[in-house]
Amino acid sequence: MAAASTTKISWRLQEFEAHSSSVSCLAVGKSSGRLMATGGEDCRVNIWAVSKANCIMSLTGHKNPVECVQFNMSEEQVVAGSQSGSIRVWDLEAAKILRTLMGHKSNITSLGFHPFGDFLASSSMDTNIKLWDVRRKGYVFRYKGHTQAVRSLAFSPDGKWLASASDDCTVKLWDLTQGKTITEFKSHTAAVNIVQFHPNEYLLASGSSDRTIKLWDLEKFTVIGSLEGDTSPVRCILFSPDGSCLYSGATDSLRVFGWEPDRCFDVVPVGWGKVSDLAVCNQQLIGVSHQLSSVSSYVVDLKRVRKSGGSVIQGIIQDNQPLTEPKDPKGSALRKNYERPTTTCSSQRVKQSSDADRRSPEGERRSPSEDEAEEKLSSAEIHNAEDFKEIFQPKNVISRTPPKISEPFPAPPEDETVLAIGRQMKDVASPFPDKQQSALDSAVSMNDLSIVVDILNIINLQPTLWKLDNCTTILPQIDKLLQSKYESYMQTGCTSLKLIMKHFWMLISDTLMAAPSVGVDISREERHQKCRACCKQLKNLSNIVKNKAEQVGRHGSTFKELQLLMAPLDDSL
C-alpha cells in the first residue's frame, strides 16, 4: 500500500457540491493549506476543511452574489465582497459578523488582509482601491489611478506597500504610509490578473492574459524576467515558501519556474481545469477549482517535482536539460530583503497625499442603527459542530502542550489494475507507436474517463507523440469528454480536439479526396479506412461544438474557437 501511494505526483483530494447555485469564487487559507472558503450566487460564504465534503459553517448577510473571498493571515477571519460592492468581515472563532463595509459602487474584484495590522484592502470594477480599518466604519483611504477594473491586490511582507494589477495592462505599487503611487509597471500587453510579492526579497511577480509572468526588481523598478510557456491566461501564481521558485497554476497543469536566468524546472499534469487558488503546506501544493456548483481540491507532491536545473526559456519551454550557472549571478544574493516591523501596522500612521482620498463619506453618513440592522441580517450557521470545535475552538484556550501539526495528505491507494495503467502511461511517451497505442487501448478498455483524461493531459503537452492511430482511439472518448459535467474533462477534450484538427485534418482531407490508386495498396487502403472513420467522428463532434458555441461565457468562447477551427468539415466529403 505504501509503495503504491508513492507512484502518484498529483491526485484529486475531493470533489463536492459547495452551493445551491453556481460557485463564483473560492480561497484557500495560506497558513495551513487546510481551510477553504467558497462564495456563491446564492449570496452565501461557506467554510470547508479542504479534505472534507462537509460544510463547517455557512455565513449569510450578503444580498447579492458573492464575488470574492479571502482569509486573514491567522485564518481566524474571512472577508467577502459582493456584486453590489458591499464587504462583510466575519470572526470565524466567535462565529459572528465582525464588520459590514460599504463604499464601492460595483463588483468587488479582489480583497486582501494586511500581514500584521487590522487593515483590509479592496478593489472593484469601479477602478478604485480602498484601504479599510476593520475596527472602524468607512474606508481610511481611496487610491485612484487605474483606468480599468483592478483584478488583484497584494501587501508586501513588511506591510508597507500594496501592489495592484488591472485590466489596463499595468501593475501599480503604492506606498501605504505616504498614500501615493511609488511606480507603475507597463511591460504586459494584456490584462494583468494576479500579483504576488516574493516572501523575502524585493521582488514582485505579475501574471497576465498575455500568457506571461513578469518579475520586477523593487529596488531598481525594472523587469528582470519574463516567464513564458503557459498556453492560457495566467491567473494563479505562488512563490514557494523559501522563495526559490514560482508555481504557476495553468489549465490542467502546474508549471515550476526559476529566474535569473528565466527557466522552467518542471511541468506537472494536474486535472484541475482552471485552478483558482494555490497554497503550500508539508511539501505539498494544494490547488482548488470550481465548476458550476461543485468544487474540487487537488494535491501535488512537491517532493517529486523538480525545483532546480531546468532549461533557459527562449520563446518556448525546452525539455529539462542541465543548466550552466551564470558566471555573473545577479539575483538574490544582491537583492534587498524585507524587514518585518516589531510592532503591528495599527501603530503606524497613514498619511494623506494627492493620490489618496481621506476617510469615506459613505461610512460617515451611515447611522449606527443602519449598521446594526445590516449586521443583524448576517449570521454564521454552524453545520458541523465537531469540525468547527476542532479547527477554531483550540485557538481560544491556553494549552500547555504543543499545537497539533497537520500531516501531509496521503496519496490514494491504487489497485493492481490502476497501477498497470500507470506503468503503461510511461509507454505513451515511448518512441515506439505500438507501445503508445497499447497504453491508449488499455486506458479506454478500463471505461474510466478519469484515466483517459490523465493520459490525454500527458500527450496534449507533447503534440509530436500523436499518430493517426491515436486519433481513431481518442475521438470517441472526446465525444464523452465534451459532454461531461466536469470542466477539467471538457477542457482536456477541447485541447485534444484542437490538436487533432491542427495536425491531422489536412492528412485526413487529402487522403479522402485523393484519386483511387491502381492495383492493390493495402497500407493506403488501411489509411483511407482510418481517415474515413476519423472524418465521420469529427463531423459528429462538430455538431456538439456548434451547440455548445451558443452558450454564454468562457465555455461558449472556447467552443466558438473550436467551431471556427472545424469549419472545413462543412465542405468535406
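Index from 1, following the sequence. As the structure is a computational prediction, the values presented were derived from the model and not from experiment.
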Rounded distance (nearest 0.5 Å) linking atom CD of Gln70 with atom SG of Cys25: 10.0 Å

Any donor-acceptor pair under 3.5 Å linking the side-chain atoms of Asn107 with those of Ser124? no

Looking at Glu381 and Arg44, is any side-chain nitrogen of the basic one under 4.0 Å from a carboxylate oxygen of the acidic one? yes

Over 60° means perpendicular and under 30° means parallel, so tell me whether Phe116 and His114 are parallel, tilted or perpendicular. perpendicular

Test: Lys336 and Glu219 ion pair at under 4.0 Å: no

Got a salt bridge between Arg255 and Asp266, using NZ or NE/NH1/NH2 to carboxylate O under 4.0 Å? no

Is a donor on one side and an acceptor on the other found under 3.5 Å between the side chain of Asp210 and the backbone of Thr189? yes

Any donor and acceptor pair, going by atom type alone, linking the side chain of Lys560 with main-chain N or O of Ala549 inside 3.5 Å? yes

Are the side chains of Trp90 and Leu98 in contact, using a 4.5 Å heavy-atom criterion? no

Indicate whether the side chain of Asp252 and that of Thr492 have a donor and an acceptor atom separated by less than 3.5 Å. yes

Which distance, rounded to the nearest 0.5 Å, do you find between the CG of Asn46 and the CD1 of Ile56? 10.5 Å

Tell me whether the rings of Phe221 and Trp161 are parallel (<30°), tilted (30 to 60°) or perpendicular (>60°). tilted

Identify the heavy atoms of His290 and Val23 that sit nearest to each other, and give their distance. ND1-O, 3.2 Å

Side-chain contact, heavy-atom cut-off 4.5 Å: Glu184 with Lys186? yes

Take Val69 and Leu111 through the test side chain to side chain contact (heavy atoms under 4.5 Å, CB included) and record every step on the way to the result. CA-CA 7 Å; Val69 288; Leu111 294 161; over 6 Å; no

Which distance, rounded to the nearest 0.5 Å, do you find between the OG of Ser248 and the CG of Leu278? 8.0 Å

Given Ser123, which partner from the list Leu162, Leu153, Ile108 fulfils the side chain to side chain contact (heavy atoms under 4.5 Å, CB included) test? Leu153

Which pair of heavy atoms, one from Pro157 and one from Pro199, lies closest together, and at what distance? CG-O, 3.8 Å

How close do Val66 and His62 get, heavy atom to heavy atom, and via which atoms? CG2-CD2, 3.9 Å

I'd like to know whether Trp48 forms a side chain to side chain contact (heavy atoms under 4.5 Å, CB included) with Thr38, so could you lay out the CA-CA distance, the side-chain angles of the two residues, the decisive distance to 0.1 Å, and finally the verdict. CA-CA 8 Å; Trp48 312 80; Thr38 59; 3.0 Å; yes

Just how far is it from atom CG of Leu173 to atom CD1 of Ile182, taken to the nearest 0.5 Å? 4.0 Å

So, Ser206 and Trp216: side-chain donor and acceptor under 3.5 Å apart, yes or no? yes

Does a donor on one side chain and an acceptor on the other come within less than 3.5 Å for His104 and Ser122? yes

Pair Arg34 + Glu75, salt bridge at N-O below 4.0 Å: no

Tell me whether Asp118 is salt-bridged to Arg135, with the criterion being a basic N under 4.0 Å from an acidic carboxylate O. yes

Looking only at heavy atoms, which two atoms of Arg211 and Val234 are closest? And how far apart? C-CG2, 3.9 Å

Write down the atom of Thr251, the atom of Ser232, and the distance for their closest heavy-atom approach. OG1-OG, 3.1 Å

Roughly how far, to the nearest 0.5 Å, is the NZ atom of Lys130 from the CG atom of Asn128? 6.0 Å

Looking only at atom types and distance, does a side-chain atom of Ser208 sit under 3.5 Å from a main-chain N or O of Ala190, one as donor and one as acceptor? yes

Between Ser226 and Asp262, the two heavy atoms sitting closest are N-OD2, 2.9 Å

Calculate, to the nearest 0.5 Å, the distance between atoms CG and CG belonging to Leu238 and Asp277 respectively. 8.0 Å

Restricting to salt bridge (Lys or Arg N to Asp or Glu O under 4.0 Å), what partner residues turn up for Lys303, sequence neighbours left out? Asp301

Can Arg151 and Val192 be said to form a side chain to side chain contact (heavy atoms under 4.5 Å, CB included), step by step? CA-CA 7 Å; Arg151 294 297 176 184; Val192 190; over 6 Å; no

Decide whether Ser86 and Ser82 meet the rule of one side-chain donor and one side-chain acceptor closer than 3.5 Å. yes

Determine whether the aromatic ring centres of Trp259 and Phe265 lie less than 6.0 Å apart. no

Considering only NZ, NE, NH1 and NH2 on the basic side and carboxylate oxygens on the acidic side, decide whether Asp217 and Lys220 come within less than 4.0 Å. no

Please confirm whether the backbone N or O of Ser21 pairs with a side-chain atom of His19, one donor and one acceptor, at under 3.5 Å? no

Ignoring hydrogens and geometry, is there a side-chain-to-backbone donor-acceptor pair from Thr109 to Val150 under 3.5 Å? yes

Which is it for Ile129 and Trp174 under the side chain to side chain contact (heavy atoms under 4.5 Å, CB included) test, yes or no, and what are the steps along the way? CA-CA 10 Å; Ile129 299 166; Trp174 309 84; 3.6 Å; yes

